[in-house]
Asks: 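Got a structure for you, written out below as structure tokens; questions coming shortly.
The structure presented is a predicted model; accordingly, all values stated were derived computationally and were not measured. Numbered from 1 within each chain, the chains take letters A, B, ... in sequence-line order.
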There are 2 protein chains.
Amino acid sequence: MGRPSRAHEVRRLILDGAADIFSRRGYRATSMNEIAAAVGLSKPTLYHYFHNKEEILVRLYEEVMSDAVDDAVEISESVEDPREVLHRLLVYRVRTTCERQSIHKVFFEEEEELPRDLVETVIEQRRRYEDVYRTQVRRFLDDHPDPPDIDVTVFVNSCLGAANWVYKWYRPDGPRTPEQLGREIAFYALHPLG
Amino acid sequence: MGRPSRAHEVRRLILDGAADIFSRRGYRATSMNEIAAAVGLSKPTLYHYFHNKEEILVRLYEEVMSDAVDDAVEISESVEDPREVLHRLLVYRVRTTCERQSIHKVFFEEEEELPRDLVETVIEQRRRYEDVYRTQVRRFLDDHPDPPDIDVTVFVNSCLGAANWVYKWYRPDGPRTPEQLGREIAFYALHPLG
DNA sequence: CCTACCGATCGGTAGG
DNA sequence: CCTACCGATCGGTAGG
């Protein structure tokens, strides 16, 4: 059942190759021929694995979304202290974004290329993802005897900006590992909580 | 000399219209006909004011870059206290990004569509802009008797991520003005400085 | 899995 | 001669 079939492997290869080229040249500027060449297939063969170009983009988005939401829910359920949950969420956010930088660049920059119905799914999943953060921030503030004066939504957006922004400046050959970077950014971002 | 000629006004109109459509549909997916229709001109007329589609994008980038660098330098030279400089820089960063959200979305997401030589200019100007921040953070740390343990580059990237990210979530009909949002985000981002 | 090819659309330019 | 503009159409390329 879970055994990766040959077809599944090829699809994986195409998705990774497409994410790489999309991230460097943009979805619209990338031709199906380029993707085919990059993964060593012919253009018609691509159409054996995906109905069209858009479906490739849709699969990339679905992957990023389900991974993010699943992991966020899991982390928030495995730790008690809300501040610790937020810290782990941000470290994980930075680490995943660095480790899969190409697909995240596509995810953050190609939303207008998606079909209407998936745009709504993306918005919905993003809301669910951010709700995990907001819930933890509220828990933290409620537990706190002298809570800092912060607006939950703005604060969460601020934290996520600091974390997600690594997709633009992280360099794998830099001095820090994604994990180190995650801890550092989470440390800065959560400072207003005291 | 500084008097806006008719031609200058039309160019301004085209740039604003193009920024708006580029931000909603993407540069590559936008046709010259769409831009023309949006500003009430014919497509050939567009070519009277700009050599080609790419030049429109280039002008948008040049505008964002020169505004940002000029303002950053001005702010950093008009205030003494480095922490206050950083605060003002971030408030201004958020405010400008919110007030001109479309052009900033284009600026942050269409870099791969630029001609090679301008990409290098963008990288260079970005370095100059971030250098203003890094210089102030270093000044702050040097002046400080008991400086917090922060890495200058990662901290600045974290601050800029928190600020720039508003281009994705700011809504003009929301409860906060760009100025208020800027102060709030700057307040959060600079917390690690104590 | 390839060669061949279509229907559609694009950026850019001609004449006036 | 220049600036400003339009209706029509070009060569080239994209997804499929």
Asks: Side-chain donor or acceptor of A:Lys53 under 3.5 Å from a matching atom on the base of D:dG16?
Replies: no

Asks: Check for me, please, whether A:Val91 and A:Val85 land in the same ILVMFWY cluster - side-chain distances under 4.5 Å, paths through other members count.
Replies: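 No, because A:Val91 and A:Val85 fall into different hydrophobic clusters, even though each may have its own neighbours under 4.5 Å.
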
Asks: How far, in whole Å, is D:dA4 from C:dG16 if one measures between their P atoms?
Replies: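 Taking atom P in both C:dG16 and D:dA4, they lie 22 Å apart.
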
Asks: Less than 4.5 Å apart, any side-chain heavy atom of A:Lys168 and any of A:Phe108?
Replies: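 When only atoms from C-beta onward are counted, A:Phe108 and A:Lys168 do not touch, as no gap falls below 4.5 Å.
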
Asks: Let's test your reading of the pairing rules: Watson-Crick or G-U wobble, both distances under 3.5 Å, then write DNA chain D as a dot-bracket string with ( ), [ ], | and dots.
Replies: .....|.|.||.|.||

Asks: For B:Ile21 and C:dG11, give me the distance from atom CD1 to atom P, rounded to whole Å.
Replies: 11 Å

Asks: Figure out the CG/C1' separation between A:Asn52 and D:dG16, and round it to whole Å.
Replies: 9 Å

Asks: Should the heavy atoms of other residues, nucleotides or ligands under 6.0 Å from CZ of B:Arg12 be counted, would the total exceed 12?
Replies: yes

Asks: For C:dT13, take OP1 and OP2 only and decide whether either is under 4.0 Å from a side-chain N or O of B:Tyr47.
Replies: no

Asks: Does B:His48 have a side-chain nitrogen or oxygen under 4.0 Å from the phosphate oxygens OP1 or OP2 of D:dA4?
Replies: yes

Asks: Closer to the 5' end of DNA chain D via nearest nucleotide, is it B:Lys43 or B:Arg11?
Replies: B:Arg11

Asks: Taking only N and O in the side chain of B:Thr45, is any of them less than 4.0 Å away from OP1 or OP2 of D:dA4?
Replies: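 Looking at the OP1 and OP2 atoms of D:dA4, neither is under 4.0 Å from any side-chain N or O of B:Thr45.
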
Asks: Heavy atoms under 4.0 Å, any strand shown: does B:Asn33 hit a base, just sugar-phosphate, or nothing?
Replies: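 It contacts nothing in the nucleic acid.
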
Asks: Tell me whether B:Arg83 at atom CZ has more than 12 heavy atoms from other residues, nucleotides or ligands lying less than 6.0 Å away.
Replies: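 Above 12, so yes.
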
Asks: Can you check the B:Phe50 CZ to D:dA4 C1' distance for me, whole Å?
Replies: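 Value for this atom pair: 15 Å.
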
Asks: Are B:His51 and B:Tyr47 near enough that their ring centres are under 6.0 Å apart?
Replies: no

Asks: Do the charged groups of B:Glu112 and A:Lys105 touch, with an N to O distance under 4.0 Å?
Replies: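 Between A:Lys105 and B:Glu112 there is a salt bridge, with a charged N closer than 4.0 Å to a carboxylate O.
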
Asks: Measuring from the side chain of B:Pro44 (C-beta onward, heavy atoms only), which nucleotide among D:dC5, C:dT13, C:dC2 has the closest atom?
Replies: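 Of the candidates, C:dT13 comes closest.
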
Asks: Report yes or no: does B:Gln125 contribute a side-chain atom to a donor-acceptor pair with the main-chain N or O of B:Met65 at less than 3.5 Å?
Replies: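 Checking the backbone N and O of B:Met65 against the side chain of B:Gln125, no donor-acceptor pair under 3.5 Å is found.
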
Asks: From the list D:dC5, C:dG12, C:dC2, which nucleotide is the closest neighbour of the side chain of A:Ser42?
Replies: C:dC2

